[in-house]
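Here the structure is a predicted model, which means the values were calculated and not measured. Numbers restart at 1 for each chain; the letters A, B, ... are given by sequence-line order, proteins then strands. FYI, side chains are in, hydrogens and waters are out, and symmetry mates aren't considered; it's all heavy atoms of this structure.
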Number of protein chains: 2
Amino acid sequence: LSCCEEQGSPACSKAPQVGRVRVQLEMQALWQQFDQLGTEMIVTKAGRRMFPTFQVGISGMDPSAEYVLLMDFIPVDDKRYRYAFRSSSWLVAGRADISAPGRMHFHPDSPGRGAQWMKQTVSFDALKLTNNLLDDNGHMILNSMHRYQPRFHVIYVDPAPNSHLHAQRNFCSFSFPETQFIAVTAYQNHRITQLKIASNPFAKGTQGFYLWWI
Amino acid sequence: LSCCEEQGSPACSKAPQVGRVRVQLEMQALWQQFDQLGTEMIVTKAGRRMFPTFQVGISGMDPSAEYVLLMDFIPVDDKRYRYAFRSSSWLVAGRADISAPGRMHFHPDSPGRGAQWMKQTVSFDALKLTNNLLDDNGHMILNSMHRYQPRFHVIYVDPAPNSHLHAQRNFCSFSFPETQFIAVTAYQNHRITQLKIASNPFAKGTQGFYLWWI
DNA sequence: GTCTTCACACCTAGGTGTTAAGCT
DNA sequence: AGCTTAACACCTAGGTGTGAAGAC
């Protein structure tokens, strides 16, 4: 159960509509299973979903207030990685490539009332990852072989006039370390491939093949 | 291009947010093609989509005002029908059966701002028809072998206090005669079946069979 | 007889990893 | 070598009418 991350601001400077919001990562056990192996997420030119899907349960919102929910991805470090098959581990392979300006993914149900968001799990299953710098579909642009941390943001839609003057007060951010991943164009770690096949229904097609090897 | 139907009220008693709303039926040519043959819509216990889908283009809304959009179905008459295969025509087969209280189907994007609704075609493709009087999925309950007229309603969400006192002023209704249909559990008119197969992509499975007969 | 139900084959639509070929 | 691309087979998920069987 994650609280709002105060970003170096003095005391509690958040509006009550966001200051009490609590967020729980769903499918946490699965995320941890992947994290232990070193999560990889496929990026393609056309855009690829994440698996596991980023899903959260939310509490503490003002039921009648309006909120916008969104995600973004920040580089974890300034490094480029490569996978060493011999040692089955990731190695630093130099400094990070230049990155496209970070995009934001608004949850398609935004804006919505607190009651609606808290009613059931909020799922970002429409979000797609791409390595196409010229992407025109609103997908999240990431560099392959770089490490990322997904972030989740809650913005309170303040009806007050000049509310933009209090933008700081009206949003808060959450990030879960177990959702970190390295973007790849093809899986590197075979155990990641196996765990994806075992846990993603859509990857059931080739499941039979691996059952002999596990 | 249909205007708001004044329901026997004196002069223009509608709020400006709804009084200027204009609605255009999409796929009108297809609806007319079906209507000419006598449209039939399948009802099942589990719920069946309509085809053609009820879709409208909307103009004249206040872009920043909030609206709720919904549909319902009203019996066209107090009759029950049967199909005479010999004459390929519908005959009256007595008085209507007792009907379940009419349900409403809210468009899932409700409530939404005028700008959002007018941006693109509003489609009711999630709406399903059922003949199950005990339906628990929010589908529209209809009597098989009865004739219905779909209706479309626009409700302005008035932020004023006590706005419920002006409920009359804040909504308006639209109906398109070419969308009338008879609910059936199995198609009666073979030409309706053929037109459904020819025009609905999901019915492509058996298309080859009929190509020899047309 | 007339109407309804259900399993089914056949689609649409789109999410998977695989694999071979292509790029640098 | 290392990484990327694109076609592909194989799934999930669900919308069609069919035709035989069932209900009244």
Q) Within this structure, what is the CD1-to-P distance between B/Ile182 and C/dT2, rounded to whole angstrom? A) 16 Å

Q: Go through the side-chain N and O atoms of B/Asn143 and B/Asp97 and say whether any donor and acceptor fall under 3.5 Å apart.
A: no

Q | B/Met118 CE: over 12 foreign heavy atoms closer than 6.0 Å | A | yes

**Q.** Sugar-phosphate or base contact per nucleotide [nucleotides 3-12 of chain C; S, B, -; heavy atom under 4.0 Å]
**A.** SBBS---SSB

Q) So, is B/Arg48 near the phosphate of D/dG17, with a side-chain N or O under 4.0 Å from OP1 or OP2? A) yes

Q: Only pairs at least two apart or in different chains count here, so list each salt bridge (Lys or Arg N to Asp or Glu O under 4.0 Å) that has a residue in residues 57-69 of chain B.
A: none

Q. Does the gap between the ring centers of A/Phe85 and A/Tyr83 come in under 6.0 Å?
A. yes

Q: Looking only at side-chain atoms of B/Ala203, point me to the closest of C/dT16, D/dT16, C/dT18.
A: D/dT16

(Q) For B/Ile98, is the CD1 atom crowded, meaning more than 12 foreign heavy atoms sit under 6.0 Å from it? (A) no

Q: Report the distance from atom CZ of B/Arg49 to atom P of D/dG15, rounded to the nearest whole Å.
A: 5 Å

(Q) Given D/dT16, D/dG17, C/dT18, identify the nucleotide with an atom nearest to the side chain of B/Ile42. (A) D/dG17

Q | B/Gln36, CD: over 12 other non-hydrogen atoms inside 6.0 angstrom | A | no

